[in-house]
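Protein chains get the first letters and strands the later ones, always in sequence-line order, with residue 1 at the start of each.
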There are 2 protein chains.
Amino acid sequence: MEEDAVIKAMSALAHANRLRIFRLLVVAGGAGATPGTIADSLALPAATLSFHLKELLNAGLIGQQRQGRNLIYRADYAQMGALLAYLTDNCCQGEACDQPAALSCQC
Amino acid sequence: MEEDAVIKAMSALAHANRLRIFRLLVVAGGAGATPGTIADSLALPAATLSFHLKELLNAGLIGQQRQGRNLIYRADYAQMGALLAYLTDNCCQGEACDQPAALSCQC
DNA sequence: GCATTAATTCCATAATATTCGAAATATGGA
DNA sequence: TCCATATTTCGAATATTATGGAATTAATGC
């Protein structure tokens, strides 16, 4: 993952509304969610939600698929994994370090 | 980790200079680094570097320790791990998901 | 074609973050 | 005490980002 992409992804997640949207999609899994249901869950005006979904999309953290009148958004787990990996890459100059990463999931 | 703390941490990492500073400290490991050497490595004016170090400190991602005339900054690996864990927590509603996290280190 | 539902784009306003020179503070040694 | 080195704080200009109502685009069925 390139530095630019990492910064885009971090910026995308550095906002309460977007973090909540992303977490909602991470928890939702393969089924994803539509803007309508997300707006209901998080009590966001449609225009505001749309702005944030575009940011997350642009950052590559989520994907979009049309299904009739609805759009379905889904978390991009590969991108999330790449982001996490970037932070720890080359940690401690490769020396052994033994604090557990404590990831609750292997998505 | 609380949502507020996650947002602070993400905001801190959502900037090229801070991401570079943090990565430098992650790679440096327990030895850490002083503002002087960081400024040299990244070609940053002292005032600018200081501003960013304060942000990272405030976000809990790094620690500070005085040693004579120098300050030593170090990555906080526990906080980094907690941040990574927050993103994946409750992923896919707990269903099995098998894409590897691809973390290169267990700090 | 027209009405209906779903979602996005436009736009003006408001709020927040970034930069870095110059001045201030802290430490240790002569 | 006084000087040199290390680092931070101040401050003011600049740039970026977020909000949400109203208008617009897209898809479906009658």
> Should A:Asp40 and A:Thr37 be marked as a side-chain contact (heavy atoms from CB on, under 4.5 Å) after you check the CA-CA gap, both sets of side-chain angles, and the distance that decides it?
Replying inline: CA-CA 5 Å; A:Asp40 285 351; A:Thr37 61; 5.5 Å; no
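- Residues in residues 16-32 of chain A take part in these side-chain hydrogen bond (donor to acceptor under 3.5 Å, both in side chains) pairs, two or more places apart or across chains: A:Arg18-A:His52, A:Arg20-B:Glu3.
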> What is the per-nucleotide protein-contact pattern of nucleotides 13-28 of chain D, from the 5' end, where B denotes a base atom under 4.0 Å from a protein heavy atom, S denotes such proximity for sugar-phosphate atoms only, and - denotes neither?
Replying inline: -----SBBB-----BB
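- Closest approach of A:Thr88 and B:Met80 over heavy atoms only: CG2-CE, 3.7 Å.
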> How far apart are the C-alpha atoms of B:Leu13 and A:Val6, what are their side-chain angles, what is the distance that settles it, and do they pass the side-chain contact (heavy atoms from CB on, under 4.5 Å) test?
Replying inline: CA-CA 9 Å; B:Leu13 296 172; A:Val6 172; over 6 Å; no
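- What separates CD of B:Gln64 from C1' of D:dT8 is a distance of 10 Å, to the nearest Å.
- Residue B:Tyr77 comes nearest to A:Cys91 through the heavy atom pair CE2-SG, 3.9 Å, listed as atom of the first residue, atom of the second, then distance.
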Donor-acceptor pairs under 3.5 Å, side chain of residues 53-71 of chain B to any protein atom, not counting sequence neighbours: which ones?
unit_1	atom_1	unit_2	atom_2	d
B:Gln64	NE2	B:Tyr73	OH	2.9
B:Gln65	OE1	B:Arg74	NH1	2.8
B:Arg66	NH1	B:Gly68	O	3.2

> Would B:Ile38 and B:Ile21 count as a side-chain contact (heavy atoms from CB on, under 4.5 Å) if you check the C-alpha gap in whole Å, the side-chain angles of each, and the deciding distance to 0.1 Å?
Replying inline: CA-CA 7 Å; B:Ile38 300 172; B:Ile21 294 165; 4.2 Å; yes
>> What verdict does the side-chain contact (heavy atoms from CB on, under 4.5 Å) test give for B:Val26 and A:Asn90, after you've listed the backbone C-alpha separation in whole Å, the side-chain angles of each residue and the deciding distance to 0.1 Å?
In response: CA-CA 8 Å; B:Val26 166; A:Asn90 264 94; over 6 Å; no
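- For the helix from C:dG1-D:dC30 to C:dA30-D:dT1, the end axes, each set by the C1' atoms of five terminal pairs, are bent relative to each other by 20° (nearest 10°).
- Here the closest non-hydrogen pair linking B:Ala9 and B:Leu83 is CB-CD1, 3.8 Å.
- The phosphate of D:dT8 has OP1 or OP2 within less than 4.0 Å of a side-chain N or O from B:Tyr73.
- Boundaries of the chain B contact region on DNA chain C are C:dT18 to C:dG28, first to last in 5' to 3' order (nucleotide atom under 4.0 Å from a heavy atom).
- When the side-chain contact (heavy atoms from CB on, under 4.5 Å) test is applied to A:Ser41, the partners found at least two apart in sequence or on another chain are A:Leu24.
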